[in-house]
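Below: the structure, in structure tokens.
These figures come from a predicted structure and were not determined experimentally.
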Amino acid sequence: MLLTWSSLNHSETRENQGQILTAKKTVLVMGDSISAAFGIDKVNGWVEIIANRFEGKLNMVNASISGDTTTGGRYRLAKSLSDHQPHLVIIELGGNDGLRGTPITIIKTNLASMIQASQAANANVLLLGMKIPPNYGERYTQLFETLYLELADEHHTLFVPFFLEGVGGISDMMQADGIHPTEKAQPIMANLVEIKLNKWLASFSE
């Protein structure tokens, strides 16, 4: 059988495509206490739930730190990108900024910087939106909520509008502090992420 250069090249391309589809993808989670499983056993947090659901497909790297802000995430992202070389970066930050009344422009600038740095490192981005209690004032709470949508639209990221949908404000879903989700809430949060991950993984076979 005579193999031309063209046939060898096509064979290699098909092989490479197969490797791309089957190789484990690395997902880097940059979050705060919500993703660091504050107040519960980490093995029951949403990140670990996702890791178990996508075992064999995804390598989940949880770089979340309780109390972290968008400023902290922005300045530690470069090392995480270099160390882990993720295919996808999940950004779950901003809640602590909002609770501290950080100016919306600063939050938005920091998150935009994280998105751009991730995309420049050839990683896709999944942005997890947040909301803050209404006692921070109608204008601020509205601007805070919409900044995530604006960033997702502007930078073409995967997007969950409100990561605590079906969890926030529900007594048995939130810990006594009213800020951190309970263990019972973790699968609900994982479901929101799973939908986006399935869509993202499907894009590799298109």
Side-chain angles (χ1 to χ4, degrees), residues 24-77 79-80 83-84 86-102 107 110-111 114 118 125-136 141 144-145 148 158-201:
K24 237 180 172 182
K25 305 293 187 295
T26 296
V27 177
L28 173 65
V29 182
M30 298 291 295
D32 51 32
S33 55
I34 302 296
S35 298
F38 178 88
I40 64 173
D41 193 324
K42 280 192 175 183
V43 300
N44 296 318
W46 76 264
V47 177
E48 285 299 318
I49 292 174
I50 288 293
N52 291 330
R53 289 182 184 178
F54 287 85
E55 186 177 5
K57 293 183 179 180
L58 299 179
N59 172 37
M60 298 294 293
V61 177
N62 193 353
S64 302
I65 299 176
S66 291
D68 202 12
T69 63
T70 57
T71 299
R74 176 180 181 179
Y75 286 105
R76 65 188 178 87
L77 176 61
K79 186 176 187 307
S80 291
D83 288 349
H84 305 292
H87 299 88
L88 175 72
V89 177
I90 299 178
I91 301 176
E92 180 275 302
L93 287 169
N96 289 317
D97 300 70
L99 294 176
R100 297 174 186 180
T102 303
I107 303 172
N110 286 336
L111 289 175
M114 293 183 71
S118 299
V125 175
L126 168 56
L127 182 64
L128 303 182
M130 281 291 173
K131 297 180 183 180
I132 56 173
N135 56 294
Y136 284 80
T141 55
F144 181 85
E145 179 181 345
Y148 291 94
L158 294 165
F159 180 50
V160 172
F162 182 35
F163 189 39
L164 298 184
E165 186 70 46
V167 170
I170 302 175
S171 58
D172 62 342
M173 295 291 180
M174 301 298 289
Q175 297 179 39
D177 59 14
I179 296 174
H180 298 98
T182 61
E183 184 176 315
K184 183 179 179 180
Q186 303 301 313
I188 297 174
M189 297 155 64
N191 289 343
L192 294 174
V193 174
E194 182 178 7
I195 293 170
K196 302 301 178 180
L197 288 178
N198 281 327
K199 178 180 179 181
W200 175 66
L201 288 170

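L201 contributes atom CG, which lies 5.5 Å from atom CG of L58 (distance to the nearest 0.5 angstrom). Rounded to the nearest 0.5 Å, atoms CZ (R74) and CG (L93) are 13.0 Å apart. The distance from atom CG of D83 to atom OG1 of T26, rounded to the nearest 0.5 Å, is 12.0 Å. Atoms CE and CG, from M60 and N52 in turn, are 10.5 Å apart once rounded to the nearest 0.5 Å. Note that CG of N110 and OG1 of T70 are 3.5 Å apart. Values are rounded to the nearest 0.5 Å. Residue T182 holds its OG1 atom at 9.5 Å from CD1 of I170, rounded to the nearest 0.5 Å.
A donor-acceptor contact closer than 3.5 angstrom is absent between the side chains of D97 and T69. In the model, R53 has a side-chain atom that pairs as donor or acceptor with a side-chain atom of N191 under 3.5 Å. Inspection of the S35 and E92 side chains reveals an N or O donor paired with an N or O acceptor under 3.5 Å.
When all heavy atoms of S118 and L77 are compared, the closest pair comes out as OG-CD2, 3.8 Å. Of all heavy-atom pairs between L88 and V125, the closest is CD1-N, 3.7 Å. Between L99 and P133 the shortest heavy-atom distance is CD2-CD, 4.0 Å. Here the closest non-hydrogen pair linking L128 and Y148 is O-CE2, 3.7 Å. Between V89 and M30, the shortest heavy-atom distance links the atoms CG1-CG, 4.1 Å. Taking every heavy atom of both residues into account, I188 and G166 meet most closely at CD1-O, 4.2 Å.
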(message) K196 vs I90, test: side-chain contact (heavy atoms from CB on, under 4.5 Å). Steps then yes/no.
(response) CA-CA 11 Å; K196 302 301 178 180; I90 299 178; over 6 Å; no

(request) Go through H87 and L28 one step at a time and tell me if the side-chain contact (heavy atoms from CB on, under 4.5 Å) criterion holds. (result) CA-CA 8 Å; H87 299 88; L28 173 65; over 6 Å; no

(message) Quick one, V27 with V61, criterion side-chain contact (heavy atoms from CB on, under 4.5 Å). Give me CA distance, side-chain angles, the key distance, then yes/no.
(response) CA-CA 6 Å; V27 177; V61 177; over 6 Å; no

(message) Determine whether F54 and K25 satisfy the following criterion, side-chain contact (heavy atoms from CB on, under 4.5 Å), listing intermediate values before the conclusion.
(response) CA-CA 10 Å; F54 287 85; K25 305 293 187 295; over 6 Å; no

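Under the 4.5 Å side-chain criterion, counting only non-hydrogen atoms from C-beta, I65 is in contact with R76. Taking the side chain as every heavy atom from C-beta outward, M189 and I34 approach each other to under 4.5 Å. The side-chain heavy atoms of D41 and N44, taken from C-beta on, include a pair separated by under 4.5 Å. No side-chain heavy atom of F159 sits less than 4.5 Å from a side-chain heavy atom of L126. Counting only heavy atoms from C-beta outward, the side chains of T102 and F144 never approach each other to under 4.5 Å. Counting only heavy atoms from C-beta outward, the side chains of L164 and P181 approach each other to under 4.5 Å. Counting heavy atoms from C-beta outward, I195 and W200 have side chains that stay 4.5 Å or more apart. When side chains are defined from C-beta on, I40 counts as touching Q175, because their heavy atoms get closer than 4.5 Å.
Sparse packing is recorded around CD of E55, with 12 or fewer heavy atoms of other residues, nucleotides or ligands lying under 6.0 Å away. The neighbour count for Y75 OH, taken as heavy atoms of other residues, nucleotides or ligands under 6.0 Å away, does not exceed 12.
Take K42 and apply the salt bridge (charged side-chain N to carboxylate O under 4.0 Å, His left out) test, not counting sequence neighbours, and it matches no residue.
Judged by distance alone, the side chain of Q186 and the main-chain N or O of W46 form a donor-acceptor pair under 3.5 Å.
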